[in-house]
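Working notes, structure below.
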Amino acid sequence: MPKTIVMYCLMRAFTLLGVYVLFGCMGEGAVQADTPVGKANQVSIEHYPVSPIGNAPGASPQTRALALSLGAGINFGNMLDAPTEGAWGLKVEDEFIALVGNKGFSRHVRLPVRWSNHASTDAAAVIDPEFFKRVDSVVDRLLAGGSTVVLNMHHYRQLDGDPLDATDLSVDPSVVRVRFLAMWDQIAQRYAGKDDRLIFELYNEPHGIQESTWNDLLSRAVRVIRKSNPQRALVVGPTLWNSASALEKLVLPPDPNLILTVHHYEPFNFTHQGADWVQPTKPLGVDCCDANQAALMTSLLDTAVKQAARLGYPIFVGEFGAYSLAPEAARIRYLRLMREAMADRGMPWYYWELAAGFGVYDPAKHEFRTNIKQALFQP
Ligand code: GLC
């Protein structure tokens with residue numbers, strides 16, 4: 001390049017467009033920015049590298065202590081995990097937040113959030129500032145009340161290859177996975193300064209097309225979150241809808257601040273009888289819990305405990321529960337059995353859920369369903 005052009009380029013390079021113009025003049029093409037802006041739809045997943053290769057070292061003392069401090073928890077389900085808050089008949093009410101931490105109830109909340117429907121549809125997946133503020137206010141109030149909060153990403157339907165819900169945003173298949181990482185980058189940065197009682201859970205119930213790709217994606221997600229949150233506890237679960245039987249396939253990055261999770265809805269034909277989101281809908285009238293059913297319930301917990309010990313990390317049950325159309329007395333037996341079995345194995349848990357179809361709380365009457373609350377939370 002002639003000297004005059006080089007000088008011109010150098011001068012321009014230190015003006016407003018800076019480094020970008022310098023490389024442009026030298027014919028090098030555009031500089032890849034550190035964040036996926038501009039050429040949003042062309043950002044490849046390689047923009048978010050996998051975690052360093054190495055054996056997972058097992059949990060650090062502080063993450064073990066945090067896991068031990070968890071206990072009987074509650075899912076704030078069907079609220080921020082609906083396509084939009086309120087679309088499934090529930091919003092995070094002040095009344096619900098006020099319940100948390102009261103005597104005889106939980107002070108541990110799992111907060112499912114459908115981020116994907118509140119973010120731009122390009123690879124940058126810029127999260128709607130108003131939605132972010134809404135989540136901030138819920139998280140902040142729960143933390144201020146002394147509770148622990150597991151904040152997750154829930155129902156990003158395209159990530160699993162599932163059909164969209166009616167009002168879900170549809171995104172180009174080429175940006176589905178990179179959006180997941182871009183959203184975590186933003187969420188992690190936003191909450192980096194929060195109390196250690198805020199825990200991030202990477203994704204609810206990976207399944208479907210994620211069966212073969214989840215280990216890769218979680219490794220990238222851990223790495224991007226670690227840029228802003230070097231030590232925050234992160235929850236990861238296996239595929240097959242967080243089934244204990246898939247823990248043997250889970251590959252963890254070399255990170256000491258992980259906690260494992262499984263979901264447990266067996267016997268499924270009992271817990272989901274009459275649930276209209278399960279097709280074909282399971283017939284009503286299934287009882288619980290005979291010896292075979294009980295054996296199934298406890299054997300899955302045993303698998304979870306065994307696999308967690310092999311991997312070297314604490315584990316909790318992030319969801320279990322029986323739908324309201326299950327016979328009442330059987331539902332209570334199921335809850336007691338699960339509660340005792342999890343306590344025997346030292347596993348913290350989160351009941352699915354507070355105030356919808358499985359709900360321990362009746363939002364119309366503004367009161368707890370006493371029998372469910374007792375079975376779960378009282379001596
Ligand atoms: C899963 C789903 C949730 C559903 C629950 C019980 O967590 O994410 O929407 O209600 O299981 O089926």
Side-chain angles (χ1 to χ4, degrees), residues 73-92 96 108-118 150-168 180 200-211 214 235-246 260-284 286 288 297 300 304 316-326 331 334-335 338 348-361 363 369 372 376:
I74 187 73
N75 274 285
F76 270 37
N78 287 24
M79 302 177 204
L80 294 165
D81 48 330
T84 52
E85 187 183 7
W88 288 348
L90 272 187
K91 293 186 173 184
V92 183
F96 299 161
H108 304 288
V109 173
R110 179 169 176 263
L111 186 65
V113 179
R114 192 181 304 216
W115 297 99
S116 56
N117 214 27
H118 301 275
V150 174
L151 175 67
N152 86 349
M153 189 176 299
H154 212 94
H155 287 332
Y156 183 6
R157 302 285 193 199
Q158 283 182 273
L159 197 56
D160 300 294
D162 283 348
L164 297 177
D165 289 328
T167 57
D168 268 339
F180 173 83
F200 298 152
E201 179 183 324
L202 300 189
Y203 192 62
N204 179 67
E205 300 187 346
H207 62 274
I209 58 173
Q210 291 215 82
E211 289 298 335
W214 175 233
V235 175
V236 289
T239 57
L240 280 179
W241 289 269
N242 287 152
S243 163
S245 61
L260 297 164
T261 186
V262 288
H263 292 182
H264 188 332
Y265 284 109
E266 297 294 348
F268 195 74
N269 65 342
F270 167 72
T271 63
H272 277 68
Q273 54 192 294
D276 60 10
W277 63 96
V278 176
Q279 293 303 327
T281 300
K282 307 270 170 212
L284 297 177
V286 180
C288 199
M297 291 157 76
L300 278 170
F316 66 66
V317 176
E319 289 186 21
F320 73 102
Y323 191 48
S324 57
L325 294 182
R331 218 174 153 206
Y334 161 88
L335 293 177
M338 282 296 289
W349 50 261
Y350 294 82
Y351 178 65
W352 184 268
E353 33 68 29
L354 180 71
F358 293 63
V360 59
Y361 187 77
R369 298 191 167 104
I372 298 179
L376 285 169

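All ligand and atom numbering here is 1-based and tracks the order in the structure.
- Residues of the protein with a heavy atom under 4.0 Å from ligand 1 are H154, H155, N204, E205, Y265, H272, W277, E319, W352, F358, listed by chain and number.
- Here R110 pairs with E319 in a salt bridge; the nearest charged N to carboxylate O distance falls below 4.0 Å.
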Pair up each side-chain donor or acceptor in residues 76-87 with any protein partner under 3.5 Å, not counting sequence neighbours, and list the distances.
from	atom 1	to	atom 2	distance (Å)
D81	OD1	N78	N	2.8
D81	OD1	M79	N	2.7
D81	OD2	N78	N	3.0
E85	OE1	R134	NE	2.8
E85	OE2	V92	N	2.8
E85	OE2	R134	NE	3.4
E85	OE2	R134	NH2	2.8

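- Looking only at side-chain heavy atoms (C-beta outward), H272 and F358 come within less than 4.5 Å of each other.
- Counting all heavy atoms, side chain and backbone alike, Y203 lies closest to M153 at CD1-O, 3.3 Å.
- With contacts defined as side-chain heavy-atom distances shorter than 4.5 Å, the pair D165/R157 qualifies.
- With no hydrogens or angles considered, a side-chain donor-acceptor pair links D160 and Q210 at under 3.5 Å.
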